[in-house]
Engineer: 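Structure provided below as structure tokens; questions to follow.
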Number of protein chains: 2
Amino acid sequence: MGSVHWQDQDTSNCSIGRTWDIMGKPWVLLILREVFRGLHRFDDIRRHLGISEPVLSRRLHGLVEEGVLERRPYRTPGNRTRDEYHLTEAGLELFPLLVALKAWGDRHLAGPEGPATVHEHQGCGRPVVLELRCTADHRLEGVEGVEARSGPAARALARE
Amino acid sequence: MGSVHWQDQDTSNCSIGRTWDIMGKPWVLLILREVFRGLHRFDDIRRHLGISEPVLSRRLHGLVEEGVLERRPYRTPGNRTRDEYHLTEAGLELFPLLVALKAWGDRHLAGPEGPATVHEHQGCGRPVVLELRCTADHRLEGVEGVEARSGPAARALARE
DNA sequence: CGGTATCCTGAAAGATACTG
DNA sequence: CAGTATCTTTCAGGATACCG
């Protein structure tokens with residue numbers, strides 16, 4: 001069978017689209033930002049974001065189901081145990097996504113004062129940046145130099 | 001008190017929120033994915049995504065306005081000139097964002113066949129990856145080792 | 001405090017028809 | 001081909017009330 005022409009590929013099975021199906025819902029990325037910042041409890045997140053309870057509840061459930069967050073029981077003295085929401089291994093791997101979002105915003109949308117938060121390498125104290133490189137350790141300056149090719153799961157686009 | 005619609009919330013002080021205000025709208029990232037893939041014309045994008053014309057039109061206008069895309073006139077023989085949509089400098093800088101999205105999806109949501117597209121370093125042929133490092137060139141393995149601190153534009157959270 | 005159930009509402013996606 | 005205008009409809013977020 002002939003190879004699929006690159007522009008006729010069906011993108012519905014694309015990883016960007018799939019990830020987007022989870023992360024693209026309203027509030028999700030903002031919720032994750034708060035969890036990365038160290039907020040783990042329902043009401044803390046709710047108050048910081050100004051999100052309504054039902055939506056926050058729904059989103060947290062969804063993220064637990066997707067394996068991005070996990071419940072972790074805790075109890076404050078005198079109260080029954082409750083659940084905190086923490087990032088799973090998979091969730092922690094979303095950090096670059098947030099960094100990418102933040103980096104672009106810092107560069108193109110920041111106010112005159114600069115960013116509200118900075119990420120530093122602990123100990124070293126230098127700013128953290130995202131870098132594109134290949135596995136042979138060549139640094140890439142941007143999209144030029146990158147070639148997109150059909151992968152194993154490429155499918156042809158259905159004709160109309 | 002006037003309620004704040006979720007898209008009008010005060011994200012003005014956070015780069016993630018600001019970027020999200022643009023990129024978080026439905027279809028936007030998928031549209032950009034197509035443009036990065038080399039699709040530049042209205043109908044091509046429309047057919048590949050299955051998006052409705054009014055929405056595509058609105059999104060393209062928005063992205064032009066935000067400085068992410070620019071119109072570039074072209075003409076096919078015998079027809080009047082039309083516009084293609086191309087990434088601006090700022091738009092090209094969104095590439096890491098798409099890579100981050102794709103990388104996470106490849107790792108956590110891919111089917112058994114693997115990814116539908118692969119990005120390679122041109123010439124070298126090795127896969128392209130996104131790496132977190134600090135400006136002193138220390139490679140970071142993830143969020144551990146990253147310290148988030150208040151930046152110049154930090155503001156206190158308004159009391160309720 | 002940490003949610004769930006219900007209802008209401010509005011924004012925005014899609015279908016369709018039309019235009020240059 | 002590249003859109004715009006209009007209309008309909010759906011869906012999801014917010015308010016509110018309530019429960020363990």
Side-chain angles (χ1 to χ4, degrees), chain A residues 7 12 17 20-32 34-35 38-66 69-86 160, chain B residues 1-11 17 20-31 34-35 38-66 69-86 160:
Chain A
Q7 281 189 339
S12 64
W20 182 247
D21 286 342
I22 302 173
M23 307 305 161
K25 293 188 212 293
W27 296 110
V28 165
L29 251 18
L30 284 322
I31 292 168
L32 292 177
E34 299 304 318
V35 180
L39 262 46
H40 301 285
R41 302 187 182 178
F42 191 92
D43 207 55
D44 287 338
I45 299 171
R46 210 223 82 225
R47 284 204 335 277
H48 273 254
L49 291 179
I51 183 178
S52 71
E53 290 101 329
V55 174
L56 179 55
S57 180
R58 207 182 310 154
R59 291 291 183 267
L60 290 172
H61 275 86
L63 289 169
V64 167
E65 199 155 317
E66 301 290 353
L69 296 180
E70 65 187 7
R71 292 199 176 83
R72 218 177 275 179
Y74 75 98
R75 83 183 309 162
T76 47
N79 286 316
R80 67 171 176 77
T81 81
R82 302 187 182 286
D83 283 324
E84 284 186 336
Y85 297 88
H86 285 260
E160 283 204 0
Chain B
M1 157 201 123
S3 74
V4 179
H5 187 260
W6 67 272
Q7 282 187 336
D8 299 331
Q9 63 193 283
D10 178 24
T11 48
W20 180 250
D21 286 342
I22 302 173
M23 306 304 161
K25 294 189 212 291
W27 296 110
V28 165
L29 251 18
L30 284 323
I31 292 168
E34 299 304 319
V35 180
L39 261 46
H40 301 287
R41 301 186 183 177
F42 190 92
D43 206 55
D44 287 337
I45 299 171
R46 208 223 83 225
R47 284 203 336 275
H48 269 76
L49 293 178
I51 183 178
S52 72
E53 289 101 329
V55 173
L56 179 55
S57 179
R58 208 181 309 152
R59 290 291 182 268
L60 289 172
H61 274 87
L63 289 169
V64 167
E65 200 156 315
E66 301 289 353
L69 296 180
E70 65 186 9
R71 292 200 176 81
R72 217 177 275 178
Y74 75 98
R75 82 182 310 163
T76 47
N79 287 316
R80 66 171 176 76
T81 81
R82 303 187 181 286
D83 283 324
E84 285 185 332
Y85 296 88
H86 286 260
E160 283 207 357

Engineer: Just to verify, what does B:E66 make a salt bridge (Lys or Arg N to Asp or Glu O under 4.0 Å) with, not counting sequence neighbours?
Structural biologist: none

Engineer: Would you please name every residue forming a side-chain contact (heavy atoms from CB on, under 4.5 Å) with A:R41, sequence neighbours left out?
Structural biologist: A:D44, A:Y74, A:T76, A:E84

Engineer: Separation of A:R46 atom CZ from D:dG14 atom C1', in whole Å?
Structural biologist: 12 Å

Engineer: Can you identify which nucleotide, out of C:dG2, C:dA13, D:dG13, has its nearest atom closest to the A:S52 side chain?
Structural biologist: D:dG13

Engineer: Going by salt bridge (Lys or Arg N to Asp or Glu O under 4.0 Å), name the residues that satisfy it together with A:R72, two or more places apart in sequence or in a different chain.
Structural biologist: A:E70

Engineer: Is the side chain of A:R59 donor-acceptor paired with the backbone N or O of A:P26 at a distance under 3.5 Å, no angle test?
Structural biologist: yes

Engineer: Among the candidates C:dG2, C:dG14, D:dA5, find the nucleotide nearest to the side-chain atoms of A:R41.
Structural biologist: C:dG2

Engineer: Name the nucleic acid region contacted by B:R59, choosing base, sugar-phosphate or nothing; use a 4.0 angstrom heavy-atom cut-off, strictly under.
Structural biologist: sugar-phosphate

Engineer: Whole-Å distance between C:dA13 C1' and B:L56 CG?
Structural biologist: 13 Å

Engineer: Which of these nucleotides, D:dC1, D:dA5, C:dG2, is closest to any side-chain atom of B:Y74?
Structural biologist: D:dC1

Engineer: Take atom CZ of B:R72 and atom P of D:dA2, then tell me their distance rounded to the nearest Å.
Structural biologist: 16 Å

Engineer: In whole Å, I'd like the distance from the CG atom of A:L30 to the P atom of D:dG13.
Structural biologist: 12 Å

Engineer: Would you kindly give the CD1-to-P distance between B:I31 and D:dG3, to the nearest whole Å?
Structural biologist: 12 Å

Engineer: Residues in ring-ring contact (aromatic ring centres under 6.0 Å, His included) with A:H61, at least two apart?
Structural biologist: none

Engineer: Tell me, please, which residues at least two apart from A:W20 pass ring-ring contact (aromatic ring centres under 6.0 Å, His included).
Structural biologist: B:W20

Engineer: Consider the side chain of B:D43, meaning its heavy atoms from C-beta on, and name the nucleotide among C:dA5, C:dG3, D:dA2 that approaches it most closely.
Structural biologist: D:dA2

Engineer: In Å, rounded to the nearest 0.5 Å, how long is the span from CD of B:E53 to CZ of B:F42?
Structural biologist: 6.0 Å

Engineer: Out of curiosity, B:R46 CZ to B:I51 CD1, how far, rounded to the nearest 0.5 Å?
Structural biologist: 9.5 Å

Engineer: In whole Å, what is the span from the CD atom of A:E84 to the P atom of C:dC1?
Structural biologist: 14 Å

Engineer: Using a cut-off of under 3.5 Å, enumerate the N/O to N/O pairs linking the protein to nucleotides 7-9 of chain D.
Structural biologist:
none

Engineer: If you check every side-chain atom of B:P54, which of D:dA2, C:dA15, C:dG3 has the closest atom?
Structural biologist: C:dA15

Engineer: Calculate the interatomic distance between A:K25 atom NZ and D:dC11 atom C1'; express it in whole Å.
Structural biologist: 12 Å

Engineer: Could you list the protein-to-nucleotides 17-20 of chain C atom pairs, N/O on both sides, closer than 3.5 Å?
Structural biologist:
residue : atom : partner : partner atom : Å
C:dG20  : N2   : B:R80   : NH2          : 3.2
C:dG20  : N2   : B:R82   : NH1          : 3.4

Engineer: Of the candidate nucleotides C:dA13, C:dG2, D:dG3, which contains the atom at the shortest distance from the side chain of B:Y85?
Structural biologist: D:dG3

Engineer: I'd like to know if the side chain of A:H40 reaches the main chain of A:Y85, judged simply by a donor and an acceptor atom lying under 3.5 Å from each other, with no hydrogens or angles considered.
Structural biologist: yes

Engineer: Once rounded to the nearest 0.5 Å, what's the spacing between atom NE2 of B:H48 and atom CG of B:L39?
Structural biologist: 5.0 Å

Engineer: A:R58 CZ to C:dT6 P: how many Å, rounded?
Structural biologist: 14 Å

